[in-house]
Each structure stands twice: as structure tokens, then as C-alpha cells.
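Heads up: the structure comes next, in C-alpha cells.
Values in this document were obtained by computation on a predicted structure and should not be read as measured data. In what follows, every chain begins at residue 1, and chains take the letters A, B, ... in the order their sequences are listed.
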4 protein chains.
Amino acid sequence: MTGPGRGRPRSEAVHRAVLSATCELVEEVGYERLSIEGVAARAGVGKQTVYRRWAGKSALVTEAVLTGRLAVPDQTVRDTGDLRADLLLWLQALVGLLGQEATASLVRATASAAADDADAAGELYARFTGPLHATLVDRLAAGVDVGQVRPGADLSAVADALIGAPLYRVLARAEPVTTSGTEDLLDALLTGLSPLPPGVPAEGIDRR
Amino acid sequence: MTGPGRGRPRSEAVHRAVLSATCELVEEVGYERLSIEGVAARAGVGKQTVYRRWAGKSALVTEAVLTGRLAVPDQTVRDTGDLRADLLLWLQALVGLLGQEATASLVRATASAAADDADAAGELYARFTGPLHATLVDRLAAGVDVGQVRPGADLSAVADALIGAPLYRVLARAEPVTTSGTEDLLDALLTGLSPLPPGVPAEGIDRR
Amino acid sequence: MTGPGRGRPRSEAVHRAVLSATCELVEEVGYERLSIEGVAARAGVGKQTVYRRWAGKSALVTEAVLTGRLAVPDQTVRDTGDLRADLLLWLQALVGLLGQEATASLVRATASAAADDADAAGELYARFTGPLHATLVDRLAAGVDVGQVRPGADLSAVADALIGAPLYRVLARAEPVTTSGTEDLLDALLTGLSPLPPGVPAEGIDRR
Amino acid sequence: MTGPGRGRPRSEAVHRAVLSATCELVEEVGYERLSIEGVAARAGVGKQTVYRRWAGKSALVTEAVLTGRLAVPDQTVRDTGDLRADLLLWLQALVGLLGQEATASLVRATASAAADDADAAGELYARFTGPLHATLVDRLAAGVDVGQVRPGADLSAVADALIGAPLYRVLARAEPVTTSGTEDLLDALLTGLSPLPPGVPAEGIDRR
DNA sequence: TGCTAACCGAGACGGTACGTCCTGTCTTCCC
DNA sequence: GGGAAGACAGGACGTACCGTCTCGGTTAGCA
């Protein structure tokens with residue numbers, strides 16, 4: 001009875017309409033006040049159409065966030081050979097995104113979705129923060145290979161800090177997230193990671 | 001007519017019962033599925049009694065978290081003169097708390113409450129993460145005074161990283177938060193913050 | 001915990017508003033297309049308020065019908081000593097009611113409610129058709145006492161016919177219910193019920 | 001383009017499957033809770049196939065009832081020359097059917113369908129109760145011809161009573177419909193309809 | 001000792017949203 | 001073209017909570 005290609009196929013346009021309505025509403029009212037009913041109405045779609053595709057609010061927001069504004073830009077760290085420059089570029093791009101209220105709303109919604117539902121948290125980790133984290137670790141590991149980073153350091157913990165610091169600032173909402181301090185944090189970490197040659201020659205610290 | 005002390009005074013016991021019911025329910029079902037009605041029922045209290053004292057779910061959870069398990073322990077950083085040991089002690093205490101599922105739930109609820117309501121975020125910052133952040137900055141500044149930390153570094157950004165790294169791990173829910181990597185992160189940061197050893201050229205560190 | 005007089009008392013006005021909205025909607029759209037949601041909206045009331053008081057559509061319609069237009073008039077058969085006149089008066093009043101579209105709608109809704117739900121059917125029988133039927137049987141029995149009706153006849157079956165005949169015409173919807181035939185039916189039944197006149201051969205009446 | 005015999009002819013088997021699924025479901029859940037979707041699923045048929053052939057629930061149930069169990073038996077009144085015996089046979093057959101819960105369900109559904117939709121009521125009258133009523137009137141009229149029934153009586157009203165009395169009992173659901181009273185009702189009516197025997201004084205008929 | 005005000009539990013109130021089911025229409029592939 | 005499958009917009013279902021309100025019944029300070 002049931003099989004592939006049976007019945008009317010699901011509409012791509014509907015999928016997109018629902019996701020973009022979700023993004024809009026997340027930015028406007030936040031995760032808590034987001035309702036499936038509101039999303040369906042905004043997208044001009046029946047509620048069942050939403051429930052047919054997503055298990056609930058957390059899954060919907062997860063996919064909306066993943067395919068929306070937060071999708072691409074910060075998951076790649078370039079490798080130009082200059083570790084500090086590469087990380088700084090990435091970090092400033094991230095901070096630039098988080099400085100915009102729209103993006104900050106999405107990140108807060110992401111945190112709420114992850115808090116709401118362990119499955120959504122897993123999905124978000126698998127497709128968003130996980131790859132991002134891995135990318136950072138990879139770039140740092142490449143730094144190890146070329147002697148810019150001391151071997152043996154826990155690169156994962158460093159990546160946690162690079163992601164966690166701006167995340168904390170967004171969630172705390174104490175002040176708009178700016179690039180201030182970005183460079184200092186990066187330098188502190190990189191200096192700490194730099195290989196210590198005997199006698200600490202200048203080139204041991206200077207990783208440019 | 002109306003004045004202070006007129007009428008029946010608000011019951012302290014009720015206050016405590018509501019807050020502890022809130023904590024229990026946050027741990028059991030999380031912020032999203034927490035309802036005022038459920039809290040009132042668990043506390044054996046009328047709904048009005050809750051609404052009389054708190055503006056809403058975010059305010060209630062905020063106070064519950066602030067007066068509950070997360071209240072005291074991690075807001076103090078000792079100063080024994082050994083910066084690394086002091087920070088490590090604090091960091092490991094924090095990580096130990098976050099490793100418990102009950103505490104992790106509270107932190108996730110805190111993030112949700114802050115995402116839900118800017119007022120609650122402000123309150124949480126003013127009474128929780130703000131002081132904690134300030135305490136870290138103070139301890140680092142004391143390290144500057146005794147020559148353990150290079151002057152001029154953005155200590156606030158470092159504190160962001162010390163708070164943000166474990167926070168990220170709790171929210172990402174990828175794996176239970178453990179002390180693994182804690183020391184490495186701290187060492188990386190502190191090494192980076194350490195004063196220049198003699199003979200290291202200034203431009204090797206100060207990039208501004 | 002739960003007890004009488006605890007909490008805010010239920011509003012009488014709300015009760016009436018819901019019942020009269022129900023009657024209006026039954027007349028406008030019929031039982032099938034009546035929705036609790038529509039009733040609540042028309043009555044300016046929350047859905048929960050309806051569900052708090054009635055178990056469902058059938059119970060709601062049952063009470064609406066019982067307390068509304070169908071309530072009083074046709075449940076009494078006068079006893080003036082003249083059986084034919086009393087029954088004719090009652091029957092014509094009933095037929096007059098059923099001839100109005102509004103009343104006919106209520107009766108059709110009553111039949112639908114009884115068909116929908118055995119509990120509602122029981123309630124309707126206990127409070128509406130049952131008493132009406134009993135009233136007819138009583139009046140006929142009084143006729144037996146004064147010698148207007150032959151003893152031994154199944155008065156209940158006759159009452160069934162007096163109620164069922166107009167009921168059938170309303171439900172069949174073949175033509176508006178009018179008084180035509182009313183008198184003839186009554187005469188046929190009453191003649192059949194009359195005591196044997198002296199000299200009439202037994203087999204002329206008793207066919208058993 | 002479109003014309004008779006174009007394309008695949010409609011399947012007879014499908015028609016029957018849908019109608020018998022409808023009958024089953026009417027008996028199981030009643031008219032109100034019957035859904036087209038449920039019928040289609042039970043019949044193993046697409047919804048469109050149902051909508052292509054019937055205008056809606058009322059039309060579907062109408063046809064299901066008309067072609068099903070209620071179809072044949074009670075629409076014929078034999079004429080053996082003995083009016084009482086013929087009517088009694090028919091009436092007892094009818095009451096026998098209504099005494100079965102399955103048939104009673106169908107009758108209740110018929111009433112609901114007629115209440116739901118005037119078109120269905122018309123169809124039901126034209127093909128079911130109308131012919132049945134006509135058949136009764138015909139048999140009574142034949143009784144007039146052979147002198148068993150007094151001329152001039154409103155035979156239609158009598159037929160209403162013969163149909164309406166058991167109908168009322170089914171709808172009222174007060175007790176299972178049995179043959180008790182059947183004979184008494186019939187005798188009362190037939191006596192009332194019987195021609196005046198010669199020599200019976202006027203007051204013998206005058207039922208006051 | 002009695003008055004008045006505020007608190008308290010309970011729970012009804014008008015609403016919003018939930019997640020499910022069904023309606024009647026449509027679109028796809030298959031016969 | 002008919003037919004099974006199933007997506008679609010829409011709407012109602014019955015439930016859970018929202019935040020407000022109104023009850024009867026405390027529990028205090030003030031007269």
C-alpha cells in the first residue's frame with residue numbers, strides 16, 4: 001500500500017514558506033511565544049501540513065535555524081597558513097552576525113530549542129555546533145602540524161572557549177555583542193598554545 | 001487607607017514552597033513545559049498567590065534559580081595568591097555542578113528564561129552571571145597586580161571564555177560535562193596572559 | 001480540597017447564554033453542523049465553560065431543547081371530562097408547534113441527539129417524551145374509569161401512535177405538518193377504544 | 001471529449017464495498033461519528049472514489065440504508081383478503097426488524113440523515129417511507145372496497161400512526177422494541193375504522 | 001473586641017494554542 | 001478516464017494553561 005512516489009508529493013514551496021515564516025516569527029516573538037498555529041497562519045498553510053513534516057516546535061525551529069541565516073557562513077575556517085588571521089576572520093564574522101539583533105534572536109531560539117528537547121539538541125549539535133567545533137579543531141590541528149601550536153594541548157577545550165565566549169555574551173544580553181575583546185581573547189589563547197622553545201626565543205611566541 | 005503592614009502579611013512559607021516547586025518542575029520537565037498552574041498545584045497554592053508575587057514564568061524561574069542550587073557556590077573565586085590554582089578550583093567546582101543533570105537543567109532553564117524575556121535576562125545578569133563575571137575579572141586583575149598576568153589584556157574577554165566554554169558544553173548537550181580539558185583550557189589562557197619573559201620583543205605579543 | 005461553595009460560583013447568566021445560543025444554532029444549521037465552538041462563540045463564552053457544564057454536543061442540545069421552546073406546552077393534557085376534546089386540543093397544539101419550522105428543527109435535533117448518544121436519549125426520554133407519554137396514558141386511563149374507553153386496551157401503544165404519527169411527519173419532511181388528518185386519526189383510535197355498545201356483535205370488534 | 005463510455009467504467013464492486021462499509025460503520029458508531037474517511041478506509045478505497053459518487057455523508061448513508069437491510073421486506077403488505085391479518089403480519093415483521101439492534105441503528109441513522117439534509121430526507125421519503133406509506137394506504141383502501149373499512153376515513157393519517165408508533169419507540173430508545181402492544185394498537189385502529197354494523201345506534205360510535 | 005485590609009485556597013471565566021481528526025479538493029502514478 | 005494514495009487549506013475536536021476574577025475563609029494591624 002504505502003510506498004515511495006505514491007500519492008501527491010509534498011510541496012517544496014510549502015516547506016520553504018513554513019521555514020521562512022518560522023524564522024520571521026522567531027525573530028519577532030522568540031521561541032517561547034512562537035506557536036505552530038501562528039507559523040501555519042503566517043505561511044498560509046494548514047496546521048497538519050506542519051505536523052506532517054516536523055515533530056514539534058523544537059524540530060521546526062531547529063530546521064529553520066539550520067537552513068536559514070545561521071546556515072553557512074560561520075562553519076568554515078579558512079586555512080591561509082596564518083592561524084591567527086584565519087581564526088580572527090572567522091571570529092569577527094561570527095561576532096558580526098551575533099551583533100545583529102535578528103541573528104542574536106535565532107541563536108537564543110537555538111538555545112531554547114536545545115534546552116526544550118534533547119533530540120533537537122542532538123540535531124543541532126550534529127548539524128550546526130558540532131561541525132563548527134570540528135572545523136575549529138581541524139584548523140588548530142593544522143596549526144600543530146606547521147608548528148604554530150604546541151602539540152598535546154586540548155584543542156577541543158580551546159574550540160569550546162572560542163564558541164562559548166560569544167555565545168555567553170549573546171545569551172547574557174548584557175550588552176550588544178561587539179568585536180571588542182575578540183582579538184585579545186584570541187591572542188591570549190594562541191599565545192598560550194604556542195610552542196615553548198627552550199629559552200623562549202621570540203619566534204616561539206610570535207606565530208605570525 | 002492602604003499602607004504597609006495593613007492586612008494579612010504574605011507568607012514566607014508559601015514563597016519558599018512555590019520556589020522549590022518551581023525548581024523541581026524545571027528539573028523534571030524543563031522551562032518550556034513548566035506551567036504556573038503546575039507550580040501552584042505542586043506547591044499546594046492558589047494561582048493568584050503566584051501571580052501576586054511574580055510577573056510571569058520567566059520571573060518565577062529567575063528567582064527560583066537565583067535562590068536555589070545555583071545561588072552560592074560558583075560566585076566566589078578564592079585568592080590564595082596562586083592564580084592558576086584559584087581559577088582551577090573555581091572552574092572545577094563549576095564543571096562539577098554542571099556535570100549533574102539537575103544543575104544542567106537549571107542552567108538550560110536559565111538560558112531559556114533569558115531568551116524568553118529581556119527583563120529576566122537583565123535580572124539574571126545583574127544577580128548571577130554579572131557578579132560571577134566580575135569576580136573572575138577581579139581575580140585576574142589581582143593577578144595583574146602581583147605580576148602573574150600581563151597588563152593591558154582584556155580580562156573581560158577572558159572571563160567570557162571561562163564562563164562561556166562550560167556553558168556551551170551544557171547547552172550543546174553533546175556529552176556530559178566533565179573536567180576533561182578544563183586544565184588545558186586554563187593553562188592555554190593563563191600562558192597567553194602571562195607576562196613576557198625577559199628578552200621577548202614587545203611586538204611579539206602586543207598586536208594592537 | 002474540593003467541596004461545595006469552594007471557588008468562584010458558576011454563572012447563571014452564562015448557562016442561559018449558552019443554551020439560547022444552542023437553540024438558535026440548532027434552528028439555523030441543525031444538529032449535525034452545530035459545533036461547540038460555534039455555540040461558545042455565539043454565546044461569547046470560552047469553550048472550556050461549555051465543556052465544564054455539558055459532556056458534549058448531545059447533552060448540550062438535550063438540555064437546550066428541554067429548557068427551551070419544547071419545554072412546557074405539550075406535556076399537559078387537560079381533563080375536562082371530554083376525552084376527545086382534551087386529546088384533540090393537545091394534539092392540535094402539538095401539531096401547531098411542529099408546523100413551525102423552528103420547532104420542527106428542534107424536534108429533528110432531538111431525534112439526532114437521541115440517535116447520537118444513548119445517554120442523551122435516556123435523558124430526553126426521562127424528561128420529555130416519557131412524561132408526555134405518561135400524561136397521555138393517564139388521560140386515557142381516566143377515560144377508562146368514566147367508561148369512555150374500553151378496559152383492557154394497551155393504552156401505551158395508543159399513546160405511541162399519538163406521539164409517533166406527528167413525529168413521523170416531521171422527520172419525513174415530506175410536507176409541512178398540518179392539522180389535516182389529526183381529527184380523523186384521533187377518531188379512528190377513540191372509536192376503536194370505545195366500549196362495546198349494546199347489541200354490537202362481539203366479532204364486529206373483537207378480532208382475536 | 002467527455003461522454004458516456006469514455007475512460008474506465010466505474011467499478012460495481014467498489015460501489016458495493018463502499019455501501020457495505022457504510023452500513024457496518026453506521027451500526028458500529030452511528031451517523032454522527034461516521035466519517036467518509038473511515039468508510040473509504042474500511043472499503044479499501046480512495047476518498048475521491050467516494051466523493052465522485054456521493055454528494056456527502058447524508059447521501060451516502062441514504063443509499064446505503066436504501067440498498068441494505070431495510071430495503072425490501074417492509075415495503076410490501078400482502079393482500080390475502082384479511083386486512084387485520086395482512087397488517088398484523090407486516091407490522092410484526094417491521095417490529096421484528098426494529099427489535100434487532102443493527103436495524104434500529106440503521107433507522108436512527110436514517111432519521112439523522114433526514115434531519116441533517118433536506119435532500120436526503122426527500123430521497124428517503126421518495127424511495128423508502130413514501131412507498132411504504134403508500135403501500136399501507138393502498139391496502140387500507142382495498143379494505144374500503146371490500147367493506148372492511150369505513151369509507152371517508154383519512155387513511156393517510158392511519159398509515160402515519162402505523163409507521164410512527166414503532167418509529168417513536170426506536171428513537172426514544174426507552175426499551176427494546178417488542179411486539180407487545182402491536183396487536184392492541186392495530187385492533188384499536190381497525191375497530192375505529194370498521195364500518196358501522198347495521199343496527200348499531202349512533203351513540204355506539206359516538207365516542208364521547 | 002470588632003473593623004478593615006490584604007492574603008489565601010479554590011476554581012470559574014474569556015481566551016489562545018495544543019496536537020488530532022476530518023472535509024472536500026488537488027495532484028501524482030498506475031491501470 | 002477510473003482508481004489508490006496521500007498532500008493540501010481549513011476547521012472543529014476536547015484538553016491544557018493563560019492571566020483575571022470572584023467566592024468563602026483566614027490573619028494581621030488599628031480602633
**Asked** How is D/Gly44 classified with respect to the nucleic acid when contacts are heavy atoms under 4.0 Å: base, sugar-phosphate, or nothing?
**Response** sugar-phosphate
**Fill in**
note: A/Glu32, atom CD; E/dA17, atom P; distance rounded to Å ~ 13 Å
**Prompt:** How many Å lie between CD1 on A/Ile36 and P on E/dT20, as a whole number?
**Reply:** 11 Å
**Request:** To the nearest Å, give me how far apart CD (A/Glu37) and P (F/dA9) are.
**Result:** 15 Å
**Interatomic spacing from CG in B/Leu66 to CD in B/Glu63 - rounded to 0.5 Å** = 7.5 Å
**Prompt:** Which whole-number value in Å describes the distance from C/Trp54 CH2 to F/dG14 P?
**Reply:** 15 Å
**Item:** pair B/Leu25-B/Arg42: side-chain heavy atoms closer than 4.5 Å
**Value:** yes
**Message:** With heavy-atom distances below 4.5 Å as the criterion, would you say the side chains of B/Arg52 and B/Thr49 are in contact?
**Reply:** yes
**Item:** Nearest-nucleotide pick for B/Val14, side chain only, options being E/dC7, F/dG3, E/dG9
**Value:** E/dG9
**Item:** Check: A/Arg10/A/His15 side-chain N/O donor and acceptor closer than 3.5 Å
**Value:** no
**Fill in**
Closest to the side chain of B/Val45, out of E/dT23, F/dG3, E/dG9, is E/dG9
**Message:** Within the 4.0 Å limit for protein heavy atoms, which parts of nucleotides 26-31 of chain E are touched? Write it as a string from 5' to 3', B for base, S for sugar-phosphate only, - for none.
**Reply:** BBBS-B
**Prompt:** What is the distance, rounded to the nearest whole Å, between atom CZ of B/Arg16 and atom P of E/dC8?
**Reply:** 13 Å
**Message:** Does this structure show an ion pair linking C/Arg108 with D/Asp116, if we count only N-O contacts that are shorter than 4.0 Å?
**Reply:** no
**Message:** Using the side-chain heavy atoms of A/Lys47, tell me which of these nucleotides is nearest: E/dC13, E/dT20, F/dG14.
**Reply:** E/dT20
**Asked** Under 4.0 Å: is that the gap between some side-chain N or O of B/Arg53 and OP1 or OP2 of E/dC8?
**Response** yes
**Message:** Tell me the interatomic distance from C/Arg52, atom CZ, to F/dG14, atom C1', rounded to whole angstroms.
**Reply:** 13 Å
**Message:** Need to verify one output field. Residue with the more 5' nearest nucleotide on DNA chain F, B/Ser35 or D/Ala43?
**Reply:** D/Ala43
**Message:** Nearest heavy atom decides the nucleotide; on that basis, is B/Glu12 or A/Gly38 closer to the 5' end of DNA chain E?
**Reply:** B/Glu12
**Fill in**
Of A/Tyr51 and B/Gly46, the one whose nearest nucleotide on DNA chain E sits closer to the 5' end is B/Gly46
**Message:** Measure CG/D/Leu34 against P/F/dC13 and give the value in whole Å, please.
**Reply:** 17 Å
**Asked** Looking at D/Val39 and D/Ala21, what are the two nearest heavy atoms and their distance?
**Response** O-CB, 3.9 Å
**Request:** Examine E/dG14: is either OP1 or OP2 under 4.0 Å from a nitrogen or oxygen in the side chain of C/Thr49? Give yes or no.
**Result:** yes
**Request:** Let me know the distance between CZ of D/Arg33 and P of F/dC13, rounded to the nearest Å.
**Result:** 13 Å
**Prompt:** Pick one: which of D/Thr62, D/Val61, D/Thr67 meets side-chain contact (heavy atoms from CB on, under 4.5 Å) with D/Val65?
**Reply:** D/Val61
